[in-house]
Amino acid sequence: MRDADLSATLLAWYDRHARVMPWRVGPAARAEGVRPDPYAVWLSEIMLQQTTVAAVRDYFRTFVTRWPTVADLAAAEDGDVMAAWAGLGYYARARNLLKCARAVVDRHGGAFPADPDALRALPGIGPYTAAAVSAIAFDLPETVVDGNVERVIARLRDIHTPLPKAKAELTALAADLTPEVRPGDYAQAVMDLGATVCTPRNPACGLCPWRDGCAGRLAGSHVDLPKKAPKKKKPTRLGIAYVARRVDGALLLERRPDKGLLGGTLGWPCSAWDDAPQEDPPIAAEWKDAGAEARHTFTHFHLRLAVRTALVPMDRAPARGTFIEAGAFDPKDLPTLMRKVHALA
DNA sequence: AACTCGTGGCC
DNA sequence: TGGCCAAGAGT
């Protein structure tokens, strides 16, 4: 198949199989002239970075309900946005989300730019998201390259170079296929194809609109593509978390520094996380072992966090952290690791 | 270029 | 259970 035929075939497939998502304007509505809200497109694309559609849905609805426009978000309190993001992971996204919203208001008068280079200059927007917003929100012929596209193109063209080395080549091949007509629908179509048909395991080649033009399938190598560089084994780190309850029910919490792991999130004061953690309680008290440890796996290490609890009197000041009144505390405002600690305490 | 940065679902 | 994977970006 010629490239133009491939893109046309995929668009026809998308017209029949486009998935319904809260942030998406489907092909039928788009054909009627309905245009996506660039704010909604941007917000969804940030949330979808390395995150599944199922995990994003409720967070997206919560955000657009609470902050309907980029100006509303720009005016939000940092702590409110971090709390609303809690549980979704990769918290630098939440910090950059606010920076970006404020930059759009300050530098662009509250309207997202359509130009990918202008988008790329905003916090939290990289090559993928710049292309996605430009294509999906403004229907410009930009090429999106995410994990789905890498897989689909590696199979379609039977590329055996391992990622991430193959990235540039796959990007060029993907760009060759990007049509001038309906580029926004096309961008979503390739990603939908990867998410629902050309899946990492057990791809449904029988349902694929590109099966006849797929070099990987012809060679029988498609299931092993894309090749990836081997991964390192994750070490295990140990730590101690301290849950102090004041006699009035207030809980001692600490906001982590903006940089680093769980940056900017609220959590329980902890010891350092390493091979042999030292006790480092945030307040003088009679600490008791909760008898169970919180286990959590991050991107590059496993963590086992021992939990200590204590009841402290009203007049005792903590060395670090802040007491939050019982009525103002919601464990859902904490990242998942810290929710696990709360559940154990 | 390689490393850091979350979480949940799947098999 | 444990490794893999998901609409990546920043450093």
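Heavy atoms only: backbone and side chains are in, while hydrogens, waters and symmetry mates are out. Per chain, numbering begins at 1; letters A, B, ... match sequence-line order.
In this structure, OG1 on A:T322 lies 7.5 Å from CG on A:L252, to the nearest 0.5 angstrom.
Out of C:dA9, C:dA7, B:dC11, the shortest distance to the side chain of A:Q49 is found at C:dA9. The A:W23 side chain lies nearest to C:dA7 when the options are C:dG3, C:dA7, C:dG8. Nearest to the side-chain atoms of A:H296 among the listed nucleotides B:dC11, C:dA7, B:dT7 stands B:dT7. Proximity note for A:L337 (side chain, C-beta onward) versus B:dT7, C:dA7, C:dG3: the nearest is B:dT7. In this structure, the nucleotide among C:dA7, B:dT7, C:dG8 sitting nearest to the side chain of A:F298 is B:dT7. Closest contact between the side chain of A:Y128 and the listed nucleotides B:dT7, C:dA9, B:dG6 involves C:dA9. Among the nucleotides C:dA7, C:dA6, B:dC10, the one closest to the side chain of A:P200 is C:dA6.
With rounding to whole Å, A:R57 atom CZ is found 15 Å from B:dG8 atom C1'. For the pair A:K232 NZ and C:dG2 P, the computed distance is 21 Å after rounding to whole Å. Rounding to whole angstrom units, NE2 of residue A:H300 and P of C:dT11 are separated by 16 Å. Between the NZ atom of A:K99 and the P atom of C:dG10 there is a distance of 9 Å, given to the nearest Å. In this structure, CD of A:E45 is placed 11 Å from P of C:dA7, rounded to the nearest angstrom. Put simply, CG on A:L261 is 9 Å from C1' on B:dT4, counting in whole angstrom units. With rounding to whole Å, A:L163 atom CG is found 10 Å from C:dC5 atom P. Look at CZ on A:F301: it is 13 Å from C1' on B:dT7, rounded to the nearest Å.
Checked against the 6.0 Å centroid criterion, the rings of A:W268 and A:Y242 do not qualify as a close aromatic pair. Here the two rings, on A:H296 and A:F298, have centers that are under 6.0 Å apart. Aromatic ring centroids of A:F329 and A:H342 lie under 6.0 Å apart.
The backbone N or O of A:L303 lies less than 3.5 Å from no partner atom in the side chain of A:R237, so there is not a single donor-acceptor pair. Remark: side-chain polar atoms of A:R93 are paired, donor with acceptor, to backbone N or O of A:Q49 under 3.5 angstrom. Within the 3.5 Å criterion, the main-chain N or O of A:L261 finds a donor-acceptor partner in the side chain of A:R256.
Comparing the same atom, C1', in B:dG8 and in C:dG10 gives a spacing of 24 Å after rounding to whole Å. Rounded to whole Å, the separation between the P atoms of C:dT1 and B:dG6 comes to 23 Å. Using atom P as the reference point in both B:dC5 and C:dA7, the two lie 23 Å apart (nearest Å).
Contact annotation: the side chain of A:M21 approaches that of A:D192 to within less than 4.5 Å [non-hydrogen atoms, C-beta and beyond].
A:K340 comes within 4.0 angstrom of no nucleic acid atom, judged by non-hydrogen atoms across all strands. Nucleic acid contact for A:K231: sugar-phosphate only, since backbone atoms but no base atoms lie under 4.0 Å from a heavy atom of the residue. Heavy atoms of A:M338 sit nowhere under 4.0 angstrom from any nucleic acid atom. Nucleic acid contact for A:T297: base, since at least one base atom lies under 4.0 Å from a heavy atom of the residue. Residue-level contact check: A:R24 touches the bases, meaning some heavy atom is under 4.0 Å from a base atom. As judged by a 4.0 angstrom heavy-atom cut-off over every strand, A:R95 is placed among residues making no nucleic acid contact. Counting non-hydrogen atoms under 4.0 angstrom, A:P164 reaches nothing in the nucleic acid. A:L88 comes within contact range of at least one nucleobase, with a heavy-atom separation under 4.0 Å. Using a 4.0 Å heavy-atom criterion, one finds that A:G87 contacts the sugar-phosphate atoms exclusively.
Between the base of C:dA7 and the side chain of A:R19 there is a donor-acceptor pair shorter than 3.5 Å. For A:Y90 and B:dG6, a side-chain-to-base donor-acceptor distance below 3.5 Å is present, hydrogens and geometry of angles not being considered. The base of C:dG8 is not paired with the side chain of A:T51 by any donor and acceptor separated by under 3.5 Å.
Between A:T299 and A:N202, the residue whose closest nucleotide on DNA chain B is further toward the 5' end is A:T299. In terms of position on DNA chain C, the residue among A:G124 and A:V53 whose nearest nucleotide sits closer to the 5' end is A:V53.
One finds no side-chain N or O of A:T52 lying less than 4.0 angstrom from the OP1 or OP2 phosphate oxygen of B:dG8. Applying the 4.0 Å criterion to OP1 and OP2 of B:dG8, one finds that A:R339 has every side-chain N and O outside that range. Residue A:R93 places none of its side-chain N or O atoms closer than 4.0 Å to OP1 or OP2 of C:dG10.
Side-chain N/O atoms of A:S221 and A:D224 include no donor and acceptor closer than 3.5 Å.
Listed by residue number, there are no residues of residues 219-230 of chain A with a heavy-atom contact under 4.0 Å to DNA chain B.
In this structure, A:R245 fails the cation-pi test against A:W287, since its NZ or CZ atom is not both closer than 6.0 Å to the six-membered ring centre and inside 45 degrees of the ring normal.
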